[in-house]
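Below is one structure; the comments refer to it alone.
These numbers were taken from a predicted model, which means no experiment stands behind them.
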Amino acid sequence: MKLIDILKGVNCEIKGDPNIDIGGVCYDSRKAKKKYLFIAIKGFKTDGILYVEEAIKNGAIAVVVDREIKEYPGITTVLVEDARAAMAKIASNFYNNPTTKLTLIGVTGTNGKTSVTYMLKAILERQNNKVGLVGTIQNMIGDEVIPSVHTTPESLDLQELFSIMVNKGVKYVVMEVSSHSLALKRVNECEFDIAVFTNLSQDHLDFHHDMEEYAKTKSKLFKMAKRASVINIDDKYSSMMIESSKAKVLTYGIEDFAYVMAKDIRNSLDGVKFKVQIEDKKEEISLKIPGLFSVYNALAAITVADFLGISLRSVREALSQVTVKGRFEPVETGKDFYVFIDYAHTPDGIQNMMEALKEYKAGRKILLFGAGGDRDRIKRPLMGEIAGKYADFCILTSDNPRSEEPREIISQIEEGIKKTDCPYVVIENRKEAIRYALLNAQKDDVIILAGKGHETYQIIGNKVIPFDEREIVKEILSEGGNK
Ligand SMILES: CC(=O)N[C@H]1[C@@H](OP(=O)(O)OP(=O)(O)OC[C@H]2O[C@@H](n3ccc(=O)[nH]c3=O)[C@H](O)[C@@H]2O)O[C@H](CO)[C@@H](O)[C@@H]1O[C@H](C)C(=O)N[C@@H](C)C(=O)N[C@H](CCC(=O)O)C(=O)O
Ligand SMILES: Nc1ncnc2c1ncn2[C@@H]1O[C@H](COP(=O)(O)OP(=O)(O)OP(=O)(O)O)[C@@H](O)[C@H]1O
Ligand SMILES: N[C@H](CCC[C@H](N)C(=O)O)C(=O)O
Ligand SMILES: [Mg+2]
């Protein structure tokens, strides 16, 4: 593709030949090849502009920069105002604007994005559609799995993924839209048909200044959606999302009056049942993932399906089968107690997950968790306090400590749990902590391993070590410990 065509719609100043043929585009100098266009992005750790020469050495023949650089003979320099915004436009051009050929559904919110996208995929597939999915656990094209690095990929990777989806006959794409992706312009140039808001609670305050800014960032998605905004009316930030919406607003909820409502909710350890009501239509829904939060996630998916004209009967059948790896996932133990793996990693996530167990009185609720290093610190004591309020016993341990000192993270969680009278132990090594939980479990206890969900690794320092909690539970129990 000619450089000039790739730059269509990009406000820029071109120095050098605009008619050269471009073989590929990259934003990492190490990935540059012959005839590539290199986009220099200012990052959080370093600055792409420092690697222009390396990109050229590796074969780049054109560079996009957002600050003046020296001229390189035979290299076309494209000066733009904002390299991230330019990258999104370039990516869309280079891959032939794939989102114009797809029905794109974006889901944003602090919790529930992955769960809602899985529910939507199941609903759309039941209608015999080929569905693409973009998110935290993995990306998918039908049953084909494409590993994911981010919840929402960089614009260049995202547009490439969309173009592959178009080529493989995908019609609908359900994707998680993280606040990082909205702030860092990864989803600029995506033509969203429908935007979904799950909820907003504290997380990522390492990245966003405060809740207001975090909410404002999320609200950008609703400015972008062309056909519908699907909003959880019970969330206190819903009005902000509604005000930002350009398209038709459809609400869902339980407490306040909404277009789509859940009634008669019956929760148990095996799942949750409820009646959904949309104007004069009613249907009984049964979910395999328990908790009120699952009802909210299902309502979000049901509202989208209703907008797309899918019958409630078909939705009911699809939803009755949905499970999501690491979201209230039961682990078979063969023992007289229960073990669940859950991805709750925010104060709200922990609260909702523990609320899901509220009616369970047969045994103790034992919660094992930590908090990720190099991420929001403010949430740690809040997680401790909420955990202490709901659990009968807590085991404080490591999540992904990354470059932080695990003990330090745990002591920040302890600040919160100490405000409650919940008994707890600290066992820094997560495998040993799981061992402790399993070996001390009593009949009917429910053990929740929280925070790592689908993850099959642990990040300690800059090492990524294999860590699959399903395997670890099996291994410990097979050693013949607990009874
Ligand atoms: C805060 C953040 O999002 N950072 C992302 C950002 O990294 P950065 O800004 O630090 O990049 P950098 O290392 O400074 O490098 C700047 C530029 O120089 C380039 N470079 C660098 C070295 C070199 O030799 N040559 C070269 O060209 C890099 O490719 C980059 O383009 O750009 C990188 C390249 O695209 C991303 O991998 C990186 O994500 C990091 C790993 C990350 O952890 N992101 C998380 C916080 C994130 O995005 N999370 C959200 C939400 C998660 C959720 O709650 O679900 C997500 O959507 O995943
Ligand atoms: N609607 C919800 N409200 C509150 N908590 C929820 C909701 N849905 C799920 N959770 C809790 O949050 C955890 C993460 O859910 P999920 O993976 O669907 O969220 P997410 O928004 O994709 O998270 P991430 O931003 O990390 O990708 C679940 O394991 C559950 O404990
Ligand atoms: N995707 C989210 C959650 C990670 C959960 C937890 N396991 C951690 O590592 O902090 C994030 O990047 O903040
Ligand atoms: Mg997710």
Side-chain angles (χ1 to χ4, degrees), residues 1-100 134 139 146-167 175 178 180-191 207 462:
M1 202 181 212
K2 285 209 185 317
L3 179 62
I4 192 75
D5 296 325
I6 293 177
L7 294 174
K8 208 170 156 196
V10 179
N11 196 2
C12 61
E13 192 186 314
I14 304 172
K15 290 176 195 161
D17 186 356
N19 288 308
I20 46 172
D21 261 323
I22 297 294
V25 185
C26 67
Y27 56 88
D28 186 332
S29 58
R30 291 160 290 196
K31 294 200 176 135
K33 289 191 190 125
K34 214 169 147 212
K35 289 191 157 188
Y36 264 49
L37 168 66
F38 171 67
I39 307 172
I41 307 276
K42 189 170 170 24
F44 292 85
K45 292 200 211 90
T46 180
D47 191 338
I49 221 154
L50 301 171
Y51 303 96
V52 167
E53 263 172 49
E54 193 194 280
I56 295 171
K57 224 191 284 162
N58 289 339
I61 51 165
V63 292
V64 171
V65 286
D66 53 15
R67 283 146 289 156
E68 294 274 358
I69 53 162
K70 73 171 199 188
E71 281 182 31
Y72 294 92
I75 302 297
T76 304
T77 306
V78 181
L79 184 65
V80 297
E81 204 175 301
D82 177 340
R84 285 187 193 274
M87 177 154 87
K89 185 74 190 160
I90 287 169
S92 182
N93 287 342
F94 188 70
Y95 291 107
N96 295 317
N97 307 306
T99 60
T100 59
V134 182
N139 302 319
I146 301 161
S148 72
V149 181
H150 287 301
T151 288
T152 315
E154 290 295 340
S155 57
L156 190 63
D157 306 316
L158 181 61
Q159 297 291 342
E160 182 186 16
L161 180 61
F162 286 148
S163 76
I164 296 170
M165 288 178 174
V166 169
N167 291 340
M175 76 179 280
S178 68
H180 292 78
S181 75
L182 288 158
L184 298 174
K185 306 187 171 85
R186 294 179 194 161
V187 293
N188 279 25
E189 311 306 326
C190 289
E191 282 198 13
F207 185 82
N462 49 20

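- Here the straight-line distance linking atom CG of L182 with atom OG1 of T152 works out to 7.5 Å at 0.5 Å rounding.
- S148 and N139 form no side-chain donor-acceptor contact under 3.5 Å, judged by distance and modelled atom types alone.
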(message) Test side chain to side chain contact (heavy atoms under 4.5 Å, CB included) on V149 and E154; report intermediate values, then the result.
(response) CA-CA 10 Å; V149 181; E154 290 295 340; over 6 Å; no
(message) Go through it in stages, so that I can follow the logic: the residues are V80 and V65, the test is side chain to side chain contact (heavy atoms under 4.5 Å, CB included), and I'd like the CA-CA distance, side-chain angles, deciding distance and then a yes or no.
(response) CA-CA 6 Å; V80 297; V65 286; over 6 Å; no
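- Residues passing the side-chain hydrogen bond (donor to acceptor under 3.5 Å, both in side chains) test with Y36: none are found, sequence neighbours excluded.
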(request) Report the C-alpha separation of F94 and L37 in whole Å, then their side-chain angles, then the decisive distance to 0.1 Å, and conclude whether the side chain to side chain contact (heavy atoms under 4.5 Å, CB included) test is met. (result) CA-CA 11 Å; F94 188 70; L37 168 66; over 6 Å; no
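- Inter-residue side-chain proximity for I90 and V64 is flagged as met; some heavy-atom pair is nearer than 4.5 Å.
- Residues H150 and L184 form no side-chain contact, since every pair of their non-hydrogen atoms from C-beta on lies 4.5 Å or further apart.
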Only distances under 3.5 Å count here; give the side-chain donor-acceptor pairs of residues 4-26 to other protein atoms, sequence neighbours excluded, each with its distance to 0.1 Å.
unit_1	atom_1	unit_2	atom_2	d
K15	NZ	E68	OE1	2.9
D17	OD1	N19	N	2.8

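- Taking each heavy atom of A91 and S155 in turn, the nearest pair found is CB-O, 3.8 Å.
- The NZ atom of K89 lies 14.0 Å from the CG atom of D82; values are rounded to the nearest 0.5 Å.
- Between Y51 and T46, the side chains place a donor N or O and an acceptor N or O closer than 3.5 Å (distance only, hydrogens not considered).
- No side-chain donor-acceptor contact under 3.5 Å links N96 to the backbone of P98.
- Pairing each heavy atom of R84 with each of G43, the nearest pair is NH2-CA, 4.1 Å.
- Across every non-hydrogen atom of E81 and D66, the tightest pair is O-CB, 3.6 Å.
- Taking each heavy atom of L156 and Y95 in turn, the nearest pair found is O-CE1, 3.8 Å.
- Q159 is listed as a side-chain neighbour of C190, based on a closest heavy-atom distance under 4.5 Å.
- Between V78 and V63 there is no side-chain heavy-atom pair separated by less than 4.5 Å.
- Put simply, the side chain of M175 reaches to within 4.5 Å of the side chain of L158, judged on heavy atoms.
- Taking every heavy atom of both residues into account, A55 and A32 meet most closely at O-CB, 3.7 Å.
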(request) Starting from the C-alpha separation in whole Å, work towards a yes-or-no answer on side chain to side chain contact (heavy atoms under 4.5 Å, CB included) for Y27 and D157. (result) CA-CA 10 Å; Y27 56 88; D157 306 316; 2.5 Å; yes
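- The list of salt bridge (Lys or Arg N to Asp or Glu O under 4.0 Å) pairs with a residue in residues 45-62, not counting sequence neighbours, reads D47-R67, E53-K70.
- Across every non-hydrogen atom of A83 and I39, the tightest pair is O-CG2, 4.0 Å.
- Here the side chains of N58 and F38 are not in contact, with every heavy-atom distance at 4.5 Å or above.
- When side chains are defined from C-beta on, R186 counts as touching H180, because their heavy atoms get closer than 4.5 Å.
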